[in-house]
Amino acid sequence: MKASKIAYKPVGMALGALSGVLAGAVFKEVWKRVANEEDAPDATDEHRTWREVLTAAVLQGAIFAGVKAAVDRGGATATRRLTGVWPG
């Protein structure tokens with residue numbers, strides 16, 4: 001394994017944690033606006049429909065994936081700017 005990959009591991013882990021927190025906040029805000037509700041439905045909430053539960057899950061997954069990709073890509077780009085080496 002390249003030294004740049006090893007050196008980037010802690011940075012990547014920190015960015016992963018940051019992206020999770022950021023994605024959670026984005027999802028919560030999007031859900032409030034889309035559904036006019038404070039909280040998204042849980043999969044086991046018997047008072048929610050399949051449509052509500054699956055819509056929330058798909059939306060949450062898409063937001064998490066998009067935010068994670070953006071944060072990871074930004075971290076890799078910043079690392080290359082600082083070190084001259086792409087970490088991946």
Side-chain angles (χ1 to χ4, degrees):
M1 187 180 280
K2 290 182 180 180
S4 62
K5 265 190 167 181
I6 294 169
Y8 184 73
K9 282 284 186 193
V11 173
M13 290 176 68
L15 289 175
L18 173 67
S19 67
V21 171
L22 181 61
V26 170
F27 172 69
K28 188 171 185 170
E29 188 60 35
V30 168
W31 187 258
K32 281 183 195 177
R33 292 174 188 227
V34 168
N36 294 321
E37 298 175 359
E38 278 295 310
D39 297 319
D42 291 322
T44 57
D45 187 344
E46 71 177 323
H47 303 293
R48 298 299 190 112
T49 65
W50 277 86
R51 182 181 212 158
E52 289 175 302
V53 169
L54 294 179
T55 298
V58 168
L59 182 60
Q60 185 178 31
I63 289 171
F64 269 77
V67 170
K68 182 178 180 343
V71 170
D72 287 348
R73 185 67 180 201
T77 302
T79 298
R80 181 172 56 189
R81 281 192 200 130
L82 292 171
T83 66
V85 178
W86 189 260

Novice: Rounded at 0.5 Å granularity, tell me how far CG in Asp39 sits from NZ in Lys32.
Specialist: 8.5 Å
Novice: Among the clusters formed by ILVMFWY side chains lying less than 4.5 Å apart, do Leu54 and Ile63 turn up in the same one?
Specialist: no
Novice: Distance from Asn36 atom CG to Trp31 atom CH2, nearest 0.5 Å?
Specialist: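 So the gap between those two atoms works out to 10.5 Å.
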Novice: Could you tell me the separation between the CG atom of Leu59 and the CZ atom of Phe64, rounded to the nearest 0.5 Å?
Specialist: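 Here the interatomic distance stands at 10.5 Å.
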Novice: Would a single hydrophobic cluster contain both Val85 and Val11, if residues Ile, Leu, Val, Met, Phe, Trp and Tyr are joined by side-chain heavy-atom contacts under 4.5 Å?
Specialist: no
Novice: On a heavy-atom basis, which atom in Pro87 and which in Tyr8 lie closest, and how many Å separate them?
Specialist: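 In terms of heavy atoms, the two residues are closest at CB-CG, 3.5 Å.
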Novice: Say you draw a straight line from CD of Glu37 to CZ of Arg48; how long is it, rounded to the nearest 0.5 Å?
Specialist: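 Result: 4.0 Å between the selected atoms.
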Novice: Treat each ILVMFWY residue as a node, draw an edge where side-chain heavy atoms are under 4.5 Å apart, and state whether Val26 and Leu15 are in one component.
Specialist: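 Shared cluster, yes.
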Novice: So which heavy atom on Val67 is nearest to which on Ser19, and how close?
Specialist: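 Heavy-atom minimum between the residues: CG1-O, 3.6 Å.
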